[in-house]
Protein chains: 2
Amino acid sequence: MTKREDGKETRRRLLITACEVFAEKGYRKAKVADICIQAGVNVASVNYYFGSKQTLYKEAWQHVLENFQEPVLADTAGGSPQRRLRRHIQTLIQNFTAGGDIGLFSRLYLMEMVNPSGLMQDAWHEIIEPRRRELQDIIRGIAGPDVGELGIRFCELSIVNQCRMFVTIKNSDLEYMLDQPLKPDLIKRLADHIADFSLAGIRAVGTRRDGHPEAPAAGCGTSLAGDPPDP
Amino acid sequence: MTKREDGKETRRRLLITACEVFAEKGYRKAKVADICIQAGVNVASVNYYFGSKQTLYKEAWQHVLENFQEPVLADTAGGSPQRRLRRHIQTLIQNFTAGGDIGLFSRLYLMEMVNPSGLMQDAWHEIIEPRRRELQDIIRGIAGPDVGELGIRFCELSIVNQCRMFVTIKNSDLEYMLDQPLKPDLIKRLADHIADFSLAGIRAVGTRRDGHPEAPAAGCGTSLAGDPPDP
DNA sequence: ATTAATTTAAAACAGTCATTTGAATTTGAT
DNA sequence: ATCAAATTCAAATGACTGTTTTAAATTAAT
């Protein structure tokens, strides 16, 4: 009979705020209370409108995917592979280190990467694959045709993990290791270094004949990664 | 008057087991109950003998430092910088990936690195500094005299963060990215790759004139690192 | 004014763990 | 054998941290 519409507005505010808070803190650390307070609504609203924190998170992702997926792969398309590599690395690092101006999607993506909620596994691959492919193409362009698929992936790992230091190392530790404050200028120089370092690395992989003189035995793989996904 | 000695044995078992469990799970995830069960003693024993979980952890570290600090820097001393670099990387990765046979110290060290308890800050620097210096020396040997201190540290970061992928990326994700199971052989090849890649990277840094043609603006630094230390 | 949709504050609930307690047991000395 | 101190034990106690319910109060549309 009676159809009030004012609830929609609350729901909307909640969803939007959830995007922001989840993007800022990640699924695990974002508290329902945080979101509600920041949205200016009652704690009970989450369950009233979404049933649970989990579904709120999923809906937040969906909302961001539909409305905010800015072109992060962006303008990396033109120019020589070398230039593209440099730009790609810069973009990566920028996403990893940028302050408040970074897009919702990038941060949500990043937080999910750092410690996964385990709720996005379906969509996850579709999201990262285009990015991976682009970097792989760039690497292939530099390494040349003689490098096998595995070599490309090795290089991909080398590069991505250099960039990920901004995510996996605490800022204070990074400053300790570099013995100076992590100002934007320093980040820029580090990005440049990574580009140079990686360019040379890729080229070396491209020119190498296979087979190495020394290769002692290695241990067996054991998982040591971070926190388990939420239940 | 009465001096029972059987308590000493319990305390000893507790301490030893604590070393193992802390080494396996890290401070946060290791539960007092875990340790006690594994040691075959009552839960109350921890507080009876050590007062708290915190002091047990500190004593465990101390015990390991005194008795188990195997020479992890090991035999990296001899040979050309190139060979030393390769061996250093192999050792690092071996420590990061090895299974049950890895030393207590290495794993404890590793766990503290991955998510710090915040209880070891004093001893921490003294522990890692020798390792850092060794790698830096190797890098300097390869890069040559023209590379400044910052360049050396950049290279250090590049290398360490490539090796740290085994710690910062879940094993399953690594396998997904490489599209094959993470067998010891694959780890060995990846270690070789990292050595080659890095060697070329360092050399490139050594030969480069400073100044880069393209360098767009970068974002400002923002902490995105993992869990905060325990209270 | 009625009714269903919202909002609210407070409580309940669910987990996880470290730590305490107080009684029971063992030990070693007398 | 006996006594007291040292040790063990199972169970309880808290102390958190957060999500989800609840039931009553409020509001908007008819």
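By convention in this document, chain letters (A, B, ...) are assigned in the order of the sequence lines, proteins followed by strands, and residues within each chain are numbered from 1. Note: hydrogens, waters and symmetry copies are ignored here, and every other heavy atom, side chains too, is used.
Between Lys170(B) and Pro116(A), the closest heavy-atom pair is NZ-CG, 4.0 Å. Of all heavy-atom pairs spanning Asn95(A) and Ser106(A), the tightest one is OD1-OG, 3.8 Å.
Cation-pi geometry between Lys58(B) and Phe50(B) is not satisfied (NZ or CZ under 6.0 Å from the ring centre, within 45° of the ring normal).
Heavy-atom contacts from other residues, nucleotides or ligands closer than 6.0 Å to CZ of Arg164(B) number more than 12.
One interatomic measurement links the two molecules: CD1 of Ile37(A) to C1' of dT8(C), which rounds to 14 Å at whole-angstrom precision. Regarding Leu14(B), its CG atom lies at a distance of 13 Å from the P atom of dT19(C), rounded to whole Å.
Residues Arg131(B) and Glu134(B) are not paired through a salt bridge, judged by the lack of any N-O separation under 4.0 Å between the basic side chain and the carboxylate. Look at Glu156(B) and Arg153(B) and you find no salt bridge, because none of the NZ, NE, NH1 or NH2 atoms lies under 4.0 Å from a carboxylate O. Between Asp6(A) and Arg4(A) there is a salt bridge, since a side-chain N of the basic residue sits under 4.0 Å from a carboxylate O of the acidic one.
Remark: aromatic rings of Tyr109(B) and Trp124(B) are close, center separation under 6.0 Å.
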Between the protein and nucleotides 7-11 of chain D, list every N/O to N/O distance that falls short of 3.5 Å.
from, atom 1, to, atom 2, distance (Å)
dT7(D), OP2, Tyr48(B), OH, 3.4
dT8(D), OP1, Thr10(B), OG1, 2.6
dT8(D), OP2, Tyr49(B), OH, 2.8
dA10(D), N7, Asn42(B), ND2, 3.3

Between the protein and nucleotides 16-18 of chain C, list the N/O to N/O atom pairs that are separated by less than 3.5 angstrom.
from, atom 1, to, atom 2, distance (Å)
dC17(C), OP1, Lys31(B), NZ, 2.7
dC17(C), O5', Lys31(B), NZ, 3.3
dA18(C), OP1, Lys53(B), NZ, 2.9
dA18(C), OP2, Val32(B), N, 2.9

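Taken from CG in Asp173(A) to CG in Leu182(A), the straight-line distance is 11.5 Å, to the nearest 0.5 Å.
Using a 30° and 60° split on the angle between ring planes, His125(A) and Tyr176(B) fall in the parallel class, below 30°.
Axis angle between the ends of the helix from dA1(C)-dT30(D) to dT30(C)-dA1(D), five pairs each and rounded to 10 degrees, works out to 20°.
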